[in-house]
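Report on the following structure.
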Amino acid sequence: MRMSRTFIPTLREDPAEAELVSHKLLLRAGYIRKLTAGIYIYLPLMQRVLAKISRIVREEMDKAGAFEITMPVLHPAELWQKTGRYNDLGPELMRLHDRHDRPMVLGGTHEEVVTELVKGELRSYRKLPLNLYQIQVKFRDEIRPRFGLMRGREFIMKDAYSFDFDEAGLDLSYQKMVDAYQAAFARCGLDTVMVESDTGAMGGKSAHEFMVIVDTEGGEATILSCPDCDYAANLERAESLPKEQPKSSSEAPRPRSAVDTPNAKTIEEVTDFLNVKANRLVKTLLYRSGDQLIAALIRGDRQINETKLAHAAGGPTVEMLDGPTVEKLTGAPVGFAGPVGLGREVTVIADEEVAVMVNFIVGANARDKHLVDVNLSDFRIDKTAVIRGAEPAERCPRCRKGRLVSRRGIEVGNTFKLGTKYSQALGATVTDDAGNERPIIMGSYGIGITRTAQAAVERFHDERGIIWPGPIAPADCHLVCANSDDAALARAADQVYESLTQAGLFVLYDDRVERAGVKFADADLIGIPWRVTVGAKGLAKGTWEIKRRDRDAAESAPFDQLVDRLKQEMWP
RNA sequence: CGGGGUGUGGCGCAGCCUGGUUAGCGCACUUGGUUUGGGACCAAGAUGUCGGAGGUUCAAAUCCUCUCACCCCGACCA
């Protein structure tokens with residue numbers, strides 16, 4: 001690939017539109033260009049990176065016994081109406097109409113289509129298990145696209161769907177995908193952490209995410225993991241053992257009384273005013289889940305986890321009530337809500353920590369008043385659950401020893417045990433050995449191909465540019481002719497290009513008439529793991545220079561040994 | 001959708017507050033020359049519906065109204 005001929009528009013300055021390092025670098029190094037918000041063109045270098053990632057993923061999927069197909073991007077809306085997701089997903093699902101005014105959608109994922117396909121063709125349990133996958137463009141009309149390929153509206157994803165007869169089969173299929181994922185990411189040169197995650201809008205009962213750990217702004221999600229065992233979960237899902245039990249649990253209950261707390265609305269204001277610690281308070285947070293009203297009780301020093309609360313409430317999501325609604329419900333401005341005296345129309349869900357507290361402080365449901373020495377007998381709790389968020393340094397819920405540590409990561413893959421949500425809705429059943437119709441048990445498994453590429457850049461770069469892991473780099477070697485205006489040197493470089501190519505390397509050859517400094521700067525920016533420099537001094541001495549992108553030192557190799565040396569370094 | 005911000009040559013920006021007649025700078029680009037291992041130098045040159053529409057005014061990149069696009073924060077999410 002001669003740089004003088006191909007299309008690698010590098011930029012000297014950071015584009016104004018980019019915030020993240022990886023986004024800036026992909027633009028600056030000439031990998032991508034934006035067409036419109038959240039939609040990108042992949043330029044020749046990017047195309048090669050994506051092809052390499054896709055190839056690795058494809059090989060691992062094939063090895064795991066999955067079969068590649070290609071499904072349409074445009075789907076009839078009817079299919080999505082049947083599973084209920086046409087309504088559940090909201091405007092993120094891109095809706096449009098064809099010329100006959102028939103409602104259509106752009107596929108953001110393909111559970112509906114693949115289930116519809118299998119429904120017509122799989123009649124017997126004998127045909128199971130089956131796993132079908134594709135590498136395809138997906139479209140999600142994100143509320144707010146950002147970070148380049150990280151949260152684009154159009155992106156490339158590998159999505160696989162497993163079909164099993166029973167739970168045991170699903171477990172097996174799931175494990176195969178997990179193994180394939182770990183192999184695929186490892187082959188891409190990326191360390192990933194597999195974390196437990198929430199199933200969200202996908203439905204289903206169990207899910208994991210594969211995260212690339214980064215220490216930059218690009219870490220979109222926080223994960224908590226245990227250094228002593230293999231427990232890891234994203235923040236939404238993570239659980240923990242509490243750091244300490246509230247001391248109040250050993251006290252004798254006292255009768256409650258009201259105190260004035262003028263303008264003390266926040267936990268901090270109340271603790272300052274009453275001169276107590278936050279863990280003696282109980283926060284009352286008011287939510288709505290569907291048409292159900294919820295009061296969530298949580299210790300003052302804790303954070304609520306809305307995902308857990310939603311699970312406890314039995315709804316898909318919860319939404320905090322706005323100020324006026326809170327006022328109507330409690331008779332007091334926001335900041336003075338409490339559980340005592342709340343009506344039956346409100347479901348009271350208490351965190352398990354609250355359920356052991358004694359003589360605590362709550363809002364009085366009256367302006368500028370709190371109640372002290374409140375006890376569980378003073379009000380009604382409809383349900384007790386873990387609804388607080390786990391925090392770093394708390395103990396691991398699995399091994400009960402390790403202290404959880406917090407890290408940030410980029411999600412590059414996910415796996416869901418879907419169960420029968422889609423097969424039931426679409427009537428995808430097989431006949432069992434007794435002749436009964438049973439819904440197929442499904443799993444779904446995604447890898448963001450474009451996102452993986454950007455995650456690699458976010459993970460591997462320095463101040464000069466990208467440092468690709470070898471297996472997904474757009475080329476094996478970057479050949480720089482230090483002075484392409486020098487005919488003798490240019491001829492020598494052409495020969496090196498020939499012999500490297502002959503040896504089976506894919507070479508990006510900088511044969512442009514540019515100054516050496518420009519070429520080196522572009523080489524660092526583009527980030528190919530190996531650089532070979534053909535220069536005048538070397539020509540005189542009979543050596544060419546070899547340099548790794550991730551190291552400062554360069555070394556020289558005699559002409560006739562160059563190819564072997566490189567091959568040996570690259571594939572030892 | 002709420003809050004904030006930006007649209008001026010391919011890219012990055014200044015000019016706008018305080019309207020004024022040829023709209024400027026750096027980079028990139030073209031031509032010629034010198035230079036040639038870490039983003040060269042000299043000379044000459046090309047490139048603008050100042051996001052769009054309407055309005056105010058003798059006069060609008062600049063003021064007003066509407067509109068579109070993009071970016072950042074939030075809700076959402078792979």
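In what follows, chains are A, B, ... by sequence order, proteins preceding strands, each numbered from 1.
Not a single donor-acceptor pair under 3.5 Å links the side chain of A/E220 to the backbone N or O of A/M150. Side chain of A/T543 to main chain of A/S556: no donor-acceptor pair is present (N/O by atom type, distance under 3.5 Å, no hydrogens or angles). For the pair A/E458 (side chain) and A/S22 (backbone), a donor-acceptor distance under 3.5 Å is present.
Between B/A78, B/G38, B/C72, one nucleotide has an atom nearer to the side chain of A/R146 than all others, and that is B/C72. The A/A37 side chain lies nearest to B/C70 when the options are B/G12, B/C70, B/G39. Minimum atom distance to the side chain of A/R144 is reached by B/C73, of the listed B/C77, B/A40, B/C73.
Checking A/G448 against A/K34, the closest nucleotide of RNA chain B that is more toward the 5' end is the one next to A/K34. Comparing A/P15 and A/R151 against RNA chain B, the residue whose closest nucleotide sits nearer the 5' end is A/P15.
Nearest heavy atoms, A/I387 versus A/K308: CA-CB, 4.1 Å.
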Sub-3.5 Å pairs of nitrogen or oxygen atoms, protein against nucleotides 45-51 of chain B:
none

Provide a list of protein-nucleic acid N or O atom pairs under 3.5 angstrom, restricted to nucleotides 28-37 of chain B.
from: B/A28; atom 1: OP1; to: A/R12; atom 2: NH2; distance (Å): 3.1
from: B/U35; atom 1: O2; to: A/R515; atom 2: NH1; distance (Å): 2.7
from: B/U36; atom 1: O2'; to: A/N483; atom 2: ND2; distance (Å): 3.2
from: B/U36; atom 1: O4; to: A/D485; atom 2: OD2; distance (Å): 3.1
from: B/G37; atom 1: O6; to: A/G535; atom 2: N; distance (Å): 3.3
from: B/G37; atom 1: N1; to: A/E545; atom 2: OE1; distance (Å): 3.4
from: B/G37; atom 1: N2; to: A/E545; atom 2: OE1; distance (Å): 2.3
from: B/G37; atom 1: N2; to: A/E545; atom 2: OE2; distance (Å): 3.1

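Distances shown here put a side-chain N or O of A/T36 below 4.0 Å from the OP1 or OP2 atom of B/C70.
Between the NZ atom of A/K158 and the C1' atom of B/A78 there is a distance of 12 Å, rounded to whole Å. In this structure, A/F147 places its CZ atom 10 Å from C1' of B/C73, rounding to the nearest Å. B/C72 atom P lies 15 Å from atom CD of A/E220, rounded to whole Å. As a whole-Å value, the separation of A/N234 CG from B/C77 P is 12 Å. In this structure, A/M157 places its CE atom 15 Å from P of B/C77, rounding to the nearest Å.
Looking at heavy-atom distances under 4.0 Å, A/E13 makes contact with a base. When heavy atoms are screened at a 4.0 angstrom cut-off, A/D522 is found touching base atoms of the nucleic acid. Heavy atoms of A/E142 sit under 4.0 angstrom from at least one base atom.
B/G19 and B/U62 have their P atoms separated by 12 Å, with the value rounded to a whole Å. Rounded to whole Å, the separation between the P atoms of B/A61 and B/U49 comes to 13 Å. Look at the C1' atom in both B/A69 and B/C76: the space between them is 22 Å, to the nearest Å. B/A59 sits 42 Å from B/A43 when the P atoms are compared, rounded to a whole Å. Taking the C1' atom of each, B/A40 and B/A23 are spaced 30 Å apart, rounded to whole Å.
For B/A14, there is no paired base (Watson-Crick or G-U wobble, both distances below 3.5 Å). Nucleotide B/U6 is matched to B/A69 when pairs are restricted to Watson-Crick or G-U wobble geometry with both distances under 3.5 angstrom. Of the nucleotides present, none pairs with B/A78 by Watson-Crick or G-U wobble criteria with both distances under 3.5 Å. The partner of B/A59 is absent, by the rule that a Watson-Crick or G-U pair needs both atom distances under 3.5 Å. A 3.5 Å limit on both hydrogen-bonding distances identifies B/A44 as the Watson-Crick or G-U partner of B/U30.
When ring centroids are compared, A/W544 and A/F559 come within the 6.0 Å threshold.
Taking 4.0 Å as the cut-off between side-chain N and carboxylate O, A/E154 and A/K138 do not count as a salt-bridged pair. Using a 4.0 Å cut-off between charged side-chain N and carboxylate O, A/E19 and A/R146 make no salt bridge. A salt bridge links A/D550 with A/R548; the closest basic N to acidic carboxylate O contact falls under 4.0 Å. Between A/R187 and A/E59 there is a salt bridge, with a side-chain nitrogen of the basic residue lying less than 4.0 Å from a carboxylate oxygen of the acidic one.
Paired with A/H208 under the rule side-chain hydrogen bond (donor to acceptor under 3.5 Å, both in side chains), one option of A/Y445, A/Y181, A/Y174 passes, and it is A/Y174.
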